[in-house]
Amino acid sequence: MITENVKALLEELPDNVELEAAAKTKTAEEIEEAINAGVKIIGENYIKDLKNVYDSVKSKARWHFIGTLKTQKHDILRKKYLKIFDMIETVDSLDIALEIDKKCSAMGKIMPILIEINSAKEPQKSGVMPEDARKLAINLSKLKNIKIMGLMTMGPRFGNPEDARQYFRLTKDIFEEIKSLNIPNVEMKYLSMGMTNSYKVAIQEGANIVRIGTKIFGERACNLNK
Ligand SMILES: *Cc1c(COP(=O)(O)O)cnc(C)c1O
(Lines give C-alpha, C1' and ligand atoms only; values in the text may rest on other atoms or scores of the structure.)
Protein backbone atom coordinates (compact mmCIF):
# COMPACT_ATOMS: atom_id res chain seq x y z
CA MET A 1 0.00 0.00 0.00
CA ILE A 2 2.84 2.41 0.83
CA THR A 3 4.15 2.41 -2.72
CA GLU A 4 0.70 3.10 -4.16
CA ASN A 5 0.05 5.81 -1.59
CA VAL A 6 3.30 7.60 -2.32
CA LYS A 7 2.82 7.36 -6.08
CA ALA A 8 -0.69 8.77 -5.85
CA LEU A 9 0.50 11.64 -3.67
CA LEU A 10 3.44 12.47 -5.92
CA GLU A 11 1.08 12.51 -8.87
CA GLU A 12 -1.27 14.83 -7.05
CA LEU A 13 1.23 17.33 -5.60
CA PRO A 14 2.22 20.37 -7.67
CA ASP A 15 5.82 20.25 -8.94
CA ASN A 16 7.09 22.83 -6.47
CA VAL A 17 5.79 20.94 -3.42
CA GLU A 18 7.99 18.34 -1.73
CA LEU A 19 6.56 15.30 -0.01
CA GLU A 20 7.99 14.59 3.44
CA ALA A 21 7.06 11.25 4.99
CA ALA A 22 6.28 11.69 8.70
CA ALA A 23 7.62 8.34 9.86
CA LYS A 24 7.06 8.18 13.63
CA THR A 25 6.59 4.59 14.86
CA LYS A 26 7.29 3.20 11.38
CA THR A 27 9.78 0.42 10.64
CA ALA A 28 12.87 0.60 8.46
CA GLU A 29 11.11 -1.57 5.87
CA GLU A 30 8.17 0.81 5.69
CA ILE A 31 10.46 3.83 5.37
CA GLU A 32 12.55 2.06 2.75
CA GLU A 33 9.43 1.34 0.72
CA ALA A 34 8.39 5.00 0.88
CA ILE A 35 11.81 6.14 -0.30
CA ASN A 36 11.88 3.62 -3.13
CA ALA A 37 8.48 4.88 -4.23
CA GLY A 38 9.85 8.40 -4.52
CA VAL A 39 9.85 10.08 -1.08
CA LYS A 40 12.97 12.22 -0.67
CA ILE A 41 12.47 13.57 2.86
CA ILE A 42 11.89 11.51 6.01
CA GLY A 43 10.61 13.37 9.08
CA GLU A 44 11.23 11.91 12.54
CA ASN A 45 9.79 13.21 15.83
CA TYR A 46 11.65 10.97 18.24
CA ILE A 47 15.25 9.91 18.55
CA LYS A 48 14.05 6.52 19.75
CA ASP A 49 12.28 6.00 16.40
CA LEU A 50 15.33 7.22 14.51
CA LYS A 51 17.59 4.79 16.40
CA ASN A 52 15.30 1.90 15.49
CA VAL A 53 15.49 2.56 11.78
CA TYR A 54 18.39 4.73 10.71
CA ASP A 55 21.08 2.09 10.27
CA SER A 56 18.73 -0.24 8.42
CA VAL A 57 17.45 2.24 5.87
CA LYS A 58 19.85 1.88 2.99
CA SER A 59 18.16 4.07 0.39
CA LYS A 60 19.17 7.70 0.39
CA ALA A 61 16.90 10.37 1.79
CA ARG A 62 17.14 13.67 3.59
CA TRP A 63 16.30 13.30 7.29
CA HIS A 64 14.39 16.11 8.97
CA PHE A 65 13.74 16.45 12.68
CA ILE A 66 10.10 17.45 13.27
CA GLY A 67 9.68 16.71 16.99
CA THR A 68 9.29 19.00 19.96
CA LEU A 69 12.52 20.57 21.20
CA LYS A 70 11.73 21.59 24.74
CA THR A 71 15.09 21.52 26.44
CA GLN A 72 18.74 21.86 25.67
CA LYS A 73 19.14 18.34 27.01
CA HIS A 74 17.18 16.87 24.12
CA ASP A 75 18.94 13.90 22.53
CA ILE A 76 18.95 15.50 19.13
CA LEU A 77 21.47 17.98 20.46
CA ARG A 78 24.01 15.18 20.68
CA LYS A 79 26.63 15.19 17.99
CA LYS A 80 25.81 11.85 16.46
CA TYR A 81 22.22 12.93 15.82
CA LEU A 82 23.07 16.42 14.65
CA LYS A 83 25.28 14.67 12.13
CA ILE A 84 22.38 12.62 10.77
CA PHE A 85 19.79 15.35 10.34
CA ASP A 86 19.77 17.49 7.22
CA MET A 87 17.30 19.94 8.72
CA ILE A 88 15.65 20.74 12.05
CA GLU A 89 12.15 22.05 11.38
CA THR A 90 11.12 22.84 14.93
CA VAL A 91 13.41 25.56 16.28
CA ASP A 92 11.36 27.96 18.37
CA SER A 93 13.70 29.60 20.85
CA LEU A 94 17.04 31.32 21.03
CA ASP A 95 18.21 28.90 23.75
CA ILE A 96 17.75 25.84 21.56
CA ALA A 97 19.27 27.59 18.56
CA LEU A 98 22.32 28.59 20.58
CA GLU A 99 22.84 24.99 21.61
CA ILE A 100 22.52 23.72 18.03
CA ASP A 101 24.88 26.45 16.88
CA LYS A 102 27.46 25.62 19.53
CA LYS A 103 27.45 21.88 18.83
CA CYS A 104 27.45 22.34 15.07
CA SER A 105 30.28 24.81 15.32
CA ALA A 106 32.39 22.15 17.06
CA MET A 107 31.50 19.72 14.26
CA GLY A 108 32.08 22.14 11.42
CA LYS A 109 28.47 21.78 10.26
CA ILE A 110 25.98 24.44 9.25
CA MET A 111 22.54 23.18 10.21
CA PRO A 112 19.61 24.27 8.04
CA ILE A 113 16.61 25.03 10.25
CA LEU A 114 13.02 26.13 10.02
CA ILE A 115 11.45 28.31 12.67
CA GLU A 116 8.31 26.67 14.04
CA ILE A 117 5.36 29.02 14.42
CA ASN A 118 2.61 28.29 16.95
CA SER A 119 0.15 29.68 14.47
CA ALA A 120 -3.00 28.78 16.40
CA LYS A 121 -1.44 29.92 19.70
CA GLU A 122 -2.29 26.57 21.28
CA PRO A 123 -0.83 26.45 24.79
CA GLN A 124 0.09 22.77 24.56
CA LYS A 125 1.90 23.14 21.23
CA SER A 126 5.43 24.28 20.62
CA GLY A 127 6.45 27.04 18.28
CA VAL A 128 7.19 30.71 18.66
CA MET A 129 4.18 33.00 18.93
CA PRO A 130 3.41 34.68 15.60
CA GLU A 131 4.16 38.15 16.93
CA ASP A 132 7.61 37.07 18.13
CA ALA A 133 8.74 35.30 14.96
CA ARG A 134 10.36 38.24 13.26
CA LYS A 135 12.52 39.10 16.24
CA LEU A 136 13.56 35.46 16.66
CA ALA A 137 14.56 35.27 12.98
CA ILE A 138 16.72 38.38 13.34
CA ASN A 139 18.40 36.97 16.46
CA LEU A 140 19.01 33.53 14.96
CA SER A 141 20.39 34.98 11.75
CA LYS A 142 23.47 36.07 13.68
CA LEU A 143 24.43 32.49 14.51
CA LYS A 144 27.09 31.21 12.15
CA ASN A 145 26.36 27.49 12.33
CA ILE A 146 22.66 27.51 11.72
CA LYS A 147 20.93 28.75 8.63
CA ILE A 148 17.27 29.75 8.58
CA MET A 149 15.63 28.25 5.52
CA GLY A 150 11.98 29.06 6.22
CA LEU A 151 9.08 28.31 8.53
CA MET A 152 7.11 25.31 9.76
CA THR A 153 3.74 25.11 11.48
CA MET A 154 1.44 22.38 12.73
CA GLY A 155 -1.96 23.98 13.13
CA PRO A 156 -4.90 21.91 14.31
CA ARG A 157 -4.51 18.27 13.34
CA PHE A 158 -8.13 17.12 13.17
CA GLY A 159 -11.47 18.57 12.28
CA ASN A 160 -12.45 20.47 9.19
CA PRO A 161 -9.28 21.32 7.22
CA GLU A 162 -10.86 24.65 6.35
CA ASP A 163 -10.45 25.56 10.02
CA ALA A 164 -6.67 25.35 9.56
CA ARG A 165 -6.63 27.74 6.60
CA GLN A 166 -6.35 30.90 8.68
CA TYR A 167 -3.32 29.51 10.52
CA PHE A 168 -1.58 28.51 7.31
CA ARG A 169 -2.34 31.94 5.87
CA LEU A 170 -0.94 33.65 8.95
CA THR A 171 2.24 31.57 8.71
CA LYS A 172 2.61 32.43 5.02
CA ASP A 173 2.21 36.13 5.90
CA ILE A 174 5.01 35.86 8.47
CA PHE A 175 7.09 33.99 5.88
CA GLU A 176 6.68 36.82 3.36
CA GLU A 177 7.35 39.46 5.98
CA ILE A 178 10.63 37.90 7.09
CA LYS A 179 11.59 37.32 3.46
CA SER A 180 11.01 40.98 2.65
CA LEU A 181 13.49 41.98 5.37
CA ASN A 182 16.33 40.41 3.35
CA ILE A 183 18.18 39.45 6.51
CA PRO A 184 21.74 38.31 5.83
CA ASN A 185 22.23 34.54 6.31
CA VAL A 186 18.48 33.93 6.00
CA GLU A 187 17.13 32.16 2.94
CA MET A 188 13.36 31.99 3.04
CA LYS A 189 12.85 28.98 0.81
CA TYR A 190 10.70 26.42 2.61
CA LEU A 191 7.25 26.63 4.10
CA SER A 192 6.50 23.30 5.79
CA MET A 193 2.82 22.94 6.62
CA GLY A 194 -0.04 20.52 6.09
CA MET A 195 -0.56 16.94 7.17
CA THR A 196 -2.84 14.15 5.96
CA ASN A 197 -5.96 16.01 6.93
CA SER A 198 -4.96 19.46 5.80
CA TYR A 199 -2.29 19.32 3.10
CA LYS A 200 -4.57 20.44 0.27
CA VAL A 201 -5.50 23.61 2.11
CA ALA A 202 -1.86 24.12 3.14
CA ILE A 203 -0.72 23.96 -0.48
CA GLN A 204 -3.37 26.47 -1.50
CA GLU A 205 -1.94 28.75 1.18
CA GLY A 206 1.64 28.41 -0.03
CA ALA A 207 3.19 25.31 1.57
CA ASN A 208 6.05 23.78 -0.40
CA ILE A 209 6.80 20.93 2.01
CA VAL A 210 3.89 18.82 3.23
CA ARG A 211 4.46 16.36 6.09
CA ILE A 212 2.32 13.29 5.53
CA GLY A 213 2.13 10.25 7.81
CA THR A 214 -1.23 8.51 7.78
CA LYS A 215 -1.92 8.91 4.07
CA ILE A 216 1.38 7.19 3.28
CA PHE A 217 1.71 4.56 6.01
CA GLY A 218 -1.87 4.08 7.20
CA GLU A 219 -3.22 4.77 10.69
CA ARG A 220 -0.68 4.54 13.49
CA ALA A 221 -1.50 1.67 15.85
CA CYS A 222 -1.42 3.77 18.99
CA ASN A 223 -2.16 7.36 18.44
CA LEU A 224 -0.10 8.77 21.26
CA ASN A 225 1.63 11.28 19.10
CA LYS A 226 -0.97 13.94 18.49
C1 LIG B 1 2.66 12.98 12.86
C2 LIG B 1 3.07 14.27 12.25
C3 LIG B 1 2.71 14.60 10.94
C4 LIG B 1 1.86 13.73 10.05
O5 LIG B 1 0.58 13.54 10.56
P6 LIG B 1 -0.53 12.70 9.73
O7 LIG B 1 -1.82 13.26 10.20
O8 LIG B 1 -0.33 11.27 10.11
O9 LIG B 1 -0.28 12.94 8.29
C10 LIG B 1 3.18 15.81 10.45
N11 LIG B 1 3.96 16.64 11.19
C12 LIG B 1 4.30 16.35 12.44
C13 LIG B 1 5.15 17.30 13.19
C14 LIG B 1 3.87 15.16 13.02
O15 LIG B 1 4.23 14.88 14.28
Side-chain angles (χ1 to χ4, degrees), residues 1-2 4-10 12-13 17-27 30-31 33-35 37-50 52-53 61-70 74-76 81 85-93 96 112-122 124-128 149-165 167-168 171 190-226:
M1 258 337 266
I2 294 172
E4 289 84 345
N5 292 345
V6 168
K7 295 218 153 120
L9 273 163
L10 288 173
E12 176 189 345
L13 297 182
V17 177
E18 289 200 72
L19 175 61
E20 172 172 358
K24 55 184 173 253
T25 76
K26 296 302 153 187
T27 65
E30 289 169 304
I31 294 171
E33 185 176 344
I35 297 171
V39 166
K40 297 200 171 63
I41 308 174
I42 303 298
E44 287 287 12
N45 295 62
Y46 303 102
I47 296 297
K48 112 179 121 48
D49 286 347
L50 179 84
N52 283 337
V53 300
R62 284 135 65 200
W63 293 77
H64 286 197
F65 184 74
I66 58 173
T68 304
L69 270 175
K70 279 230 180 327
H74 196 291
D75 264 349
I76 198 206
Y81 300 121
F85 284 105
D86 299 290
M87 183 177 283
I88 300 177
E89 295 196 20
T90 46
V91 176
D92 64 357
S93 75
I96 295 290
I113 65 147
L114 304 183
I115 293 178
E116 181 177 358
I117 309 290
N118 188 350
S119 53
K121 301 192 172 194
E122 296 167 277
Q124 79 282 12
K125 285 231 174 95
S126 41
V128 64
M149 299 292 296
L151 304 181
M152 177 270 206
T153 198
M154 293 278 290
R157 167 107 191 269
F158 298 111
N160 185 344
E162 280 301 325
D163 296 340
R165 186 181 295 278
Y167 305 113
F168 295 149
T171 306
Y190 295 115
L191 187 51
S192 172
M193 47 188 203
M195 305 180 273
T196 294
N197 186 41
S198 58
Y199 72 93
K200 291 184 181 140
V201 173
I203 291 169
Q204 286 165 3
E205 297 302 329
N208 57 17
I209 296 178
V210 290
R211 305 179 312 272
I212 311 271
T214 308
K215 204 178 163 80
I216 291 177
F217 299 111
E219 287 290 343
R220 287 178 288 279
C222 52
N223 223 328
L224 17 103
N225 311 310
K226 291 176 269 180

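These numbers come from a predicted model, not from an experiment. For ligands, and for the atoms within them, numbers begin at 1 and follow the listed sequence. Hydrogens, waters and symmetry mates play no part in the numbers below; they use all other heavy atoms, side chains included. Here, residue 1 is the first one in the sequence, and each next residue gets the next number.
Not a single heavy atom of Lys215 sits less than 4.0 Å from an atom of ligand 1. Arg220 counts as a contact of ligand 1, since one of its heavy atoms falls under 4.0 Å from the ligand. Ligand 1 lies less than 4.0 angstrom from a heavy atom belonging to Ile66.
At least one donor-acceptor pair closer than 3.5 Å links the side chain of Thr153 to the backbone N or O of Ile117. The closest donor-acceptor contact from the side chain of Thr90 to the backbone of Thr68 lies at 3.5 Å or more, if one exists at all. Within the 3.5 Å criterion, the main-chain N or O of Lys125 finds a donor-acceptor partner in the side chain of Asn118.
Close contacts between ligand 1 and Thr214 involve ligand atoms 6 (P), 7 (O), 8 (O), 9 (O) [criterion: under 4.0 Å to a heavy atom].
Scanning for side chain to side chain donor-acceptor pair (under 3.5 Å) contacts around Lys40 gives an empty result, with sequence neighbours left out.
Checked against the 6.0 Å centroid criterion, the rings of His64 and Tyr190 do not qualify as a close aromatic pair.
On a distance-only criterion, Lys24 and ligand 1 share at least one N/O pair closer than 3.5 Å. Polar contact with ligand 1: absent for Ile212 (N/O pair, distance under 3.5 Å).
Residue contacts with ligand 1, taken as heavy atom pairs separated by less than 4.0 Å, involve Asn45 solely via side-chain atoms from C-beta onward.
Residues Glu122 and Tyr167 have side chains that never bring a donor and an acceptor to within less than 3.5 angstrom of each other.
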